Every structure is written in structure tokens, then in C-alpha cells.
Protein chains: 2
Amino acid sequence: MPPAIEPKDRATSAGSSKAKKAPDGPTPKRNGSAARAPAGRKAQRRHQILSAALAVFSEQGFAAARLDDIAARAGVAKGTLYLYFESKEMLFEELLREAATPMYGRLARIAADPRISGRDAIKRLLDAFRREIVETDARHLVRLLLSEGPRFPALTAFYYREILSRAVPLLRQILERAHERGEIRSRKLLEVPQLVMAPALAALMWEDMFGRFEQLDVETLFNTHADLLTTGEDQ
Amino acid sequence: MPPAIEPKDRATSAGSSKAKKAPDGPTPKRNGSAARAPAGRKAQRRHQILSAALAVFSEQGFAAARLDDIAARAGVAKGTLYLYFESKEMLFEELLREAATPMYGRLARIAADPRISGRDAIKRLLDAFRREIVETDARHLVRLLLSEGPRFPALTAFYYREILSRAVPLLRQILERAHERGEIRSRKLLEVPQLVMAPALAALMWEDMFGRFEQLDVETLFNTHADLLTTGEDQ
DNA sequence: TTTTACTGACTGTCCGGTCAGTCACTATCA
DNA sequence: TGATAGTGACTGACCGGACAGTCAGTAAAA
């Protein structure tokens with residue numbers, strides 16, 4: 001249960017860093033919203049920066065993203081970035097690493113509960129994916145991982161080791177249990193549990209790339225898929 | 001100094017001067033163009049460059065790719081690139097544009113033949129996708145489109161307009177025909193034809209990102225999917 | 001005062017794009 | 001036949017702008 005960067009407080013990025021030269025008169029304090037609270041201050045700054053980084057990286061890609069932009073968006077000076085992250089690379093990697101696990105946690109919880117039917121398990125998974133990723137800014141993170149992954153071998157390895165190599169067996173476990181109860185249509189599905197999540201990836205890409213031309217009916221897509229995988233009342 | 005990778009096909013240029021592009025009959029004299037290269041030369045160079053560009057762009061991404069590297073890989077000088085393409089952007093766009101159509105053609109041919117059963121149509125499509133894209137270098141192109149798409153709006157628009165907005169109806173047409181024959185399991189599939197190709201995308205990404213850790217059984221994945229979508233002998 | 005947090009002008013490097021020059025070749029002339 | 005001139009293909013050193021990363025300095029906190 002890692003933080004999962006949330007790009008919500010976009011507003012703070014507005015010109016906060018330039019009021020430096022303009023003496024505001026009686027204002028004794030710095031203009032930044034984070035004035036003191038030494039305790040949470042550092043964590044908050046860090047979050048600001050990661051949040052801005054997500055926005056800029058997902059808009060520009062890793063190479064084209066400029067640290068000046070990230071700093072401006074976070075409302076800090078460029079030098080400050082280096083107080084929190086070693087380099088552009090490290091900032092990028094930490095951004096993706098910290099966002100990694102929420103979906104995995106969800107999957108693990110479903111797999112741990114044997115009372116959930118196969119159909120339900122699949123529907124819940126896809127539904128969570130839709131609500132929490134496809135329909136939020138988190139989808140940019142997935143695209144970032146997919147597109148920049150090859151140039152960050154350590155990152156790809158991390159994802160495989162920490163997420164996928166665990167998620168696939170969990171998925172298989174769910175499917176096996178369901179299969180024993182006769183809830184699964186094809187035995188072969190046990191050999192390729194990845195099929196369960198395939199439409200999730202496809203939906204994500206469609207929305208991200210072509211959503212502006214034609215929205216995909218993600219809910220119907222996922223429901224149809226779940227219905228096809230499992231036995232039980234169709235539509 | 002440039003090692004001049006290879007003198008290329010100097011030999012072939014001798015002798016027959018077939019560089020006849022103007023079929024104006026037996027032109028006695030030709031003002032201009034004294035040292036015109038052989039007919040295929042230009043196309044060949046272009047292909048060399050595009051080929052090198054694919055390799056470098058898919059390894060580095062658009063922004064990080066260096067034209068010096070592309071030139072070196074193609075065995076030409078950097079300046080030569082500009083004789084064939086206007087800019088780095090144009091080179092990139094043309095690379096992706098030219099790669100677009102083969103799969104669409106395949107789909108169109110299948111859709112045009114009503115004798116093919118729904119199950120067969122889907123299997124053929126997925127099979128072609130596997131053999132021609134997932135298992136070749138072309139898979140990098142899809143990742144490139146995905147990752148750089150947002151920064152090349154014209155390219156995304158091109159793909160939607162020329163490929164997707166035509167492919168989805170074709171797919172729907174195949175599914176409708178199949179549905180009338182009772183070959184399709186769920187009517188709802190007609191609302192989201194994208195589901196047919198979803199595993200193709202997923203397989204491609206898996207292989208590209210994580211294939212080095214764990215190969216995906218793409219054939220089983222596709223067959224299972226096709227079996228689940230259609231009626232007919234499962235096994 | 002010392003310590004901590006932050007700043008932003010500056011530097012060195014990198015790379016897209018340019019263009020004056022070379023080369024291989026051919027057509028025409030003597 | 002050889003000599004001369006013309007052409008397009010190609011080259012690669014160079015230029016200028018952009019940007020990651022640095023650090024001396026400033027401001028607030030302790």
C-alpha cells in the first residue's frame with residue numbers, strides 16, 4: 001500500500017515562485033503555502049514535486065520533459081528538485097515505483113477471499129481498474145511505463161519482479177478455484193491468465209490515444225469480456 | 001573520418017543506364033541530370049534510412065534518438081538524411097505512417113469474404129497479427145506510436161482517421177455476419193468490436209516489456225480468446 | 001549564531017540542422 | 001579517343017539553442 005501519487009492539487013503550481021522580487025509590503029512570510037510544519041513539510045514538498053513530475057512526464061515523455069517545467073509546476077526552483085531527487089532519471093524511476101502497487105493490493109485481497117465467485121472476482125478487478133486507472137490520471141503512468149520502460153531496464157525488472165511475477169499466480173489461483181466450481185468456460189484460460197486483464201490494457205490505450213476522437217464504452221467492454229470468460233447468466 | 005561503412009552497390013550502377021523515368025520515347029538528348037543514380041537507388045537509400053530509424057527510434061524513443069546514430073546505422077552521413085526527409089519529425093512520422101496499412105489490408109480482405117466463418121476470421125486476424133507484428137520488429141512501432149502519439153497529434157489523428165475508424169466497422173461487419181449465423185457467443189460483442197483485438201495489444205506489450213523475463217504463450221492466448229468469443233468446438 | 005531550506009544565474013555538453021565542398025559519373029566537344 | 005564541363009548525390013565540420021546539473025548566495029528557523 002504505497003502512496004500512489006495523486007495529481008490533485010494542480011492549483012498550487014500557479015505563479016508562486018516568482019513573487020520573490022516583488023516585496024509584498026507587510027507580508028513577513030514566504031508566499032508558498034508550505035510555510036512551516038517542519039515535520040510534514042518535506043513529505044509535502046516531495047509530493048508536490050512528484051505530482052508535477054507526473055503531469056510533465058506524461059505530457060512530454062521522459063526525454064522531452066524539462067526540469068524547469070517540473071519545477072515551475074511544483075512551485076519550486078530547479079535547484080530544489082535536486083534536494084529531493086538525485087537526478088532526472090531517479091525522479092522518474094521513483095515516480096513510477098511508488099505508483100506501482102495499489103492494483104496489486106486489490107488483486108491480492110480478492111484472491112485471498114475464497115467466497116468470491118470467479119465471475120465476481122473478474123468483474124471486481126476490471127471494475128477497479130476502470131475506476132482507478134483508466135478513468136484517472138493514473139493511466140498516464142501506465143503509458144509512461146510502457147513507453148519508457150525499455151530505456152529503464154531496472155524499472156522494468158522491478159515491475160516484473162515485484163508486480164507481475166506475483167500477480168499472474170494470484171490471477172491463476174482465482175481462476176483455478178473458479179474452475180473447480182465450474183465457473184470458467186475454458187480450461188485453457190489457466191495457461192494464460194493474462195487474458196483476463198488484456199482488455200484493461202487495450203481500453204487504457206484506446207482512451208489515452210483516441211478517446212478524443214471516439215470514446216470507448218469501457219464498461220460494456222469489460223462486462224462482455226467477463227461474461228465470455230465465465231459461465232452464468234450472460235448479459 | 002567516416003569509416004564509410006560500405007561502398008554499397010557501386011558495381012550495379014555501371015553499365016546499363018536504365019534511369020529512364022520519362023517515357024517520352026527515344027529522347028535523344030537530356031538536358032540536366034547527368035549523373036542520375038540508377039532507378040532503384042533512391043528508394044533503396046530511403047529504405048536503408050527508414051530501417052535504421054526504426055531501430056534507433058524504438059530503442060531510444062523519439063526525443064532521445066540521435067540523427068547521428070540513425071545516419072551511422074544507415075551507413076550515410078547525417079546530411080544525407082535531409083536529402084530524404086525534411087526533419088527529424090518528418091522522418092519519424094513517415095516511418096509510422098508507412099507501417100500502418102498492411103494489417104488493415106489483411107482485415108479488409110477477410111471482411112470482404114463472406115465464406116469465412118466468424119471463428120476463422122478471428123483466428124486468421126490474430127494469427128496474422130502474431131506472425132507479422134508481435135514476432136517481428138514491427139512490434140516496436142506500436143509501442144512508439146503509443147509513447148510518442150500524444151506529442152504528434154497529427155500522427156494520432158492519421159491513425160484514427162485512416163486505420164481505426166475504418167477497421168472497427170470492418171470488424172463489426174465480420175461479427176455481424178457471424179452473429180447471424182449463430183457463431184458468436186455474446187450479442188454485446190457487436191457493441192465493442194475492439195475486444196477482438198485487445199489480447200493482441202496485450203501480447204505485444206508483454207513481449208516487448210517482459211519477454212526477456214518470461215515469454216508469453218501468445219498462440220494459446222489468442223486461440224483461447226478466439227474460442228471464448230465464438231461458438232463451436234472448444235476443447 | 002548556526003543550521004536548514006531554498007533559489008536561480010551560470011556552465012558545459014549535446015544535438016538538430018546547415019552548407020561549402022568533394023566525388024563519381026556522364027554528355028559533349030575536339 | 002581523350003579532354004572539359006556539368007550535375008546531382010553525398011559528406012562532415014560547424015553553429016546556435018536548449019537543457020541537466022551546479023553552487024554561491026539568501027532567507028527563515030532553531
Side-chain angles (χ1 to χ4, degrees), chain A residues 16-21 23-24 27-46 48-49 53 56 60 62-72 74-92, chain B residues 1-21 27-46 48-49 53 56-57 60 62-72 74-92:
Chain A
S16 56
S17 68
K18 54 173 21 0
K20 165 114 246 161
K21 291 308 196 59
D24 296 332
T27 315
K29 273 174 202 211
R30 303 174 44 71
N31 48 28
S33 54
R36 68 202 78 78
R41 169 81 163 277
K42 253 191 127 89
Q44 190 191 332
R45 266 276 191 275
R46 192 185 148 86
Q48 273 175 15
I49 294 172
V56 177
Q60 308 289 337
F62 174 78
R66 283 176 297 141
L67 289 186
D68 282 307
D69 286 351
I70 294 175
V76 300
K78 186 158 63 159
T80 304
L81 301 183
Y82 286 86
L83 300 175
Y84 291 82
F85 302 93
E86 221 171 76
S87 66
K88 192 184 181 187
E89 271 83 4
M90 290 305 292
L91 169 57
F92 184 74
Chain B
M1 266 12 194
I5 306 291
E6 247 302 337
K8 270 21 177 217
D9 52 344
R10 280 287 116 86
T12 63
S13 60
S16 66
S17 68
K18 53 182 32 170
K20 191 136 348 191
K21 53 154 61 151
T27 315
K29 233 165 249 198
R30 184 189 302 276
N31 57 358
S33 78
R36 174 136 284 135
R41 174 78 163 278
K42 224 161 157 117
Q44 189 191 331
R45 266 276 190 279
R46 193 185 146 86
Q48 272 175 15
I49 293 172
V56 176
F57 279 137
Q60 310 287 338
F62 173 78
R66 282 176 297 143
L67 290 184
D68 283 305
D69 285 350
I70 294 175
V76 302
K78 187 160 61 160
T80 304
L81 301 184
Y82 287 86
L83 300 177
Y84 290 81
F85 302 94
E86 220 172 78
S87 65
K88 192 185 183 188
E89 270 84 3
M90 290 305 292
L91 169 57
F92 183 72

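Chain naming here is simple, since letters A, B, ... match the order of the sequence lines and numbering starts at 1 in each. Since the structure is predicted, the reported quantities are computational estimates derived from the model, not experimental observations. These values consider heavy atoms only, across backbone and side chains, with no hydrogens, waters or symmetry-generated copies.
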Exercise. Excluding sequence neighbours, so at least two apart, what forms side chain to side chain donor-acceptor pair (under 3.5 Å) with B:Arg46?
Worked result: B:Glu94, B:Glu98
For this session: Could you state the atom-to-atom distance from CZ of B:Phe85 to C1' of C:dG17 in whole Å?
Result: 16 Å
For this session: For A:Leu81, report the nucleic acid contact type (base, sugar-phosphate, nothing); a contact means any heavy atom under 4.0 Å.
Result: nothing
Problem set entry | Selected nucleotide, minimal atom distance to A:Tyr82 side chain, candidates D:dT11, C:dT7, D:dA20 | D:dA20
Seminar exercise, completed: Whole-Å distance, A:Leu91 CG to D:dA20 P, equals 11 Å
Seminar exercise, completed: Separation of D:dA18 atom C1' from B:Lys88 atom NZ, nearest Å, is 13 Å
For this session: Just call it for B:Leu67: base, sugar-phosphate, or nothing, with non-hydrogen atoms closer than 4.0 Å on any strand.
Result: sugar-phosphate
Just distance, no hydrogens or angles: give the donor-acceptor pairs under 3.5 Å from side chains in residues 76-84 of chain B, sequence neighbours left out.
unit_1, atom_1, unit_2, atom_2, d
B:Thr80, OG1, B:Ala77, O, 3.4

For this session: In whole angstrom, give the distance that lies between atom CG of B:Leu83 and atom P of D:dG8.
Result: 13 Å
For this session: Please work out if A:Ala65 contacts a base, only the sugar-phosphate, or nothing of the nucleic acid, heavy-atom cut-off 4.0 Å.
Result: sugar-phosphate
Problem set entry | Pairwise 5' ranking along DNA chain D for A:Arg66 and A:Gly79, keeping only the more 5' one | A:Arg66
Exercise. How would you label the contact of A:Lys78 with the nucleic acid (heavy atoms, under 4.0 Å): base, sugar-phosphate, or nothing?
Worked result: base
Exercise. If you look at every strand shown and take non-hydrogen atoms under 4.0 Å, does A:Tyr84 touch a base, only sugar-phosphate, or nothing?
Worked result: sugar-phosphate
For this session: Work out how much the helix from C:dT1-D:dA30 to C:dA30-D:dT1 bends between its end axes, five pairs an end, to the nearest 10 degrees.
Result: 10°
